[in-house]
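Following: one structure in structure tokens, then a few remarks.
First the proteins, then the strands, lettered A, B, ... as listed; each starts at 1.
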2 protein chains.
Amino acid sequence: MKDTEQSIIEAAILIFNEDLSAPLEKVAEKAQITRRTLHRYFKDRNELMLKCKTEIRKACHKAMQKAYDSTEDPVKRLEYMFYAGVECGTKDTFLHKLHTLHDHDHRAHDKECAEYDDTFSVWKSHLQYLQKEGLISSMMTVEWMHQLFQGIVGASVSSRNNPKNDLEVVKKLGWFSFSRGIGL
Amino acid sequence: MKDTEQSIIEAAILIFNEDLSAPLEKVAEKAQITRRTLHRYFKDRNELMLKCKTEIRKACHKAMQKAYDSTEDPVKRLEYMFYAGVECGTKDTFLHKLHTLHDHDHRAHDKECAEYDDTFSVWKSHLQYLQKEGLISSMMTVEWMHQLFQGIVGASVSSRNNPKNDLEVVKKLGWFSFSRGIGL
DNA sequence: GTAATATGTCTCAAATGTGGGACATATTAT
DNA sequence: ATAATATGTCCCACATTTGAGACATATTAC
């Protein structure tokens, strides 16, 4: 019964990803509880948002790290990390969105931003490594490849909203487009 | 002095794209006017939102059509239509977002959705044509290529938030990734 | 079955967002 | 310079959102 808190967070991520200032009522609806119950778990919107941020950072970091550790082969490693992004779904897209908002100024000494950077530092370092090895195009910056990654993950997640699109198929399509898109 | 209305719309598109339920105060700030002035031009949030939707549909439709008409060469045509998307910037990403929201059910008989479909029907038809001619991969659906298009346009628009990234460079990078991503 | 815990219902006060009236000031056109 | 128009300031009524107390009901653990 303690998973109510978690289900609220999951619901909030889905709602806030589409509408940052959505009323908490909508989050409660999505979580299939009352707003009163939501307030028993979270003092206010801010506290809920903080928990969401922690959750998405944790989940994405864990998934990316796991993918990285799952193989030694540089190209497979890249592929699995891409899949990790897709499997994180809305959590990944929301995380990226929060750190590219126009008013959010990203500074590394901030704790949240540091954790965000940390989550993708392995990923970015790996992209640089692949460039040095000549496995992927050197004409593009790591920043662009990261934006491309987030963009294609977003496209994959959108595709999955249509239930007729199987996760595995979507992942393969996404990887095809991403890998070729970075000149692999 | 009549361009105040237009500048409010432009500001609203930027704000609402990031935060659908953002207070109108934020729109006014972005447009560098008072909320009181905003209310003189738009009765309420709903009216403003409708104007935004009309604006983005109009702008994107016009840009896509212009790109289509600018050449006869099928591949160049595709390339120019991609650039059109990037040049529409937030307008394109916002338009796409509005029609992929979870609560928005997309039905063709609805006037707004019909116009949306119309805007990208030329684009999608052209993708199908290229597939039939064997110029791009036939392993993927038109829907996926469209999602990919929107995803990479979004990545390009994000990149441009960093002023050191020149529009032309971003366009070229985006096109490189997109064209290869669809197997061209 | 009983106690503990979780959730729902009803209610309400505070905070925030919204729309617009009244009037002053600023800008533009002629 | 003057009139017309646009915008800002101040203010207010209204709607929505928010956070929580009090209590009933439901669920779970033992």
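With hydrogens and angles left out, the side-chain atoms of A:His106 and A:Asp117 include a donor and acceptor closer than 3.5 Å.
Side chain of A:Thr34, nearest nucleotide from C:dG19, C:dG8, D:dA20: C:dG8. Closest to the side chain of B:Asp44, out of D:dG19, C:dG19, C:dT9, is C:dG19. When each of D:dG19, C:dG8, D:dG21 is scored by its nearest atom to the side-chain atoms of A:Ile33, the top-ranked nucleotide is C:dG8. The side chain of B:Arg40 has D:dG8 as its nearest neighbour among D:dG8, D:dT17, C:dT18. The side chain of A:Thr37 sits closest to C:dT7 out of D:dG19, C:dG20, C:dT7. Set against D:dT17, D:dT7, D:dG19, the side chain of A:Pro23 has D:dT17 as its closest nucleotide.
Expressed to the nearest 0.5 Å, how far CG of A:Leu95 lies from CD of A:Gln150 amounts to 7.5 Å. Summarising the geometry, atom NZ belonging to B:Lys58 is positioned 12.5 Å from atom OG1 belonging to B:Thr119; distances are rounded to the nearest 0.5 Å.
Rounded to a whole Å, the CG atom of B:Asp19 is 11 Å from the P atom of C:dG17. The separation between B:Leu24 atom CG and C:dT16 atom C1' is 13 Å, rounded to whole Å. If you measure from atom CD of A:Gln32 to atom C1' of C:dA6, you get 16 Å, rounded to the nearest angstrom. Rounded to an integer number of Å, the gap from CG of A:Asn46 to C1' of D:dT18 is 13 Å. To the nearest angstrom, P of D:dA6 lies 14 Å from CZ of B:Phe42. Rounded to whole Å, atom P of C:dC10 lies 14 Å from atom CZ of A:Arg35. Rounded to a whole Å, the CG atom of A:Leu48 is 16 Å from the P atom of D:dT17. Taking atom CG on B:Leu38 and atom P on D:dG8, their separation rounds to 11 Å, with Å as the unit.
With B:Phe149 as the partner, the ring pair (Phe, Tyr, Trp, His ring centres under 6.0 Å) test is satisfied by one option alone out of B:Trp175, B:Trp144, B:Trp123, B:Tyr83: B:Trp123.
Contact of the B:Thr37 side chain with the B:Arg40 side chain is registered, since non-hydrogen atoms from C-beta on lie closer than 4.5 Å.
At the heavy-atom level, A:Arg45 lies under 4.0 Å from the strands shown only through sugar-phosphate atoms.
No donor-acceptor contact under 3.5 Å links the side chain of B:Arg36 to the base of C:dG19.
For A:Tyr41 and C:dT7, the shortest distance from a side-chain N or O to OP1 or OP2 is below 4.0 Å.
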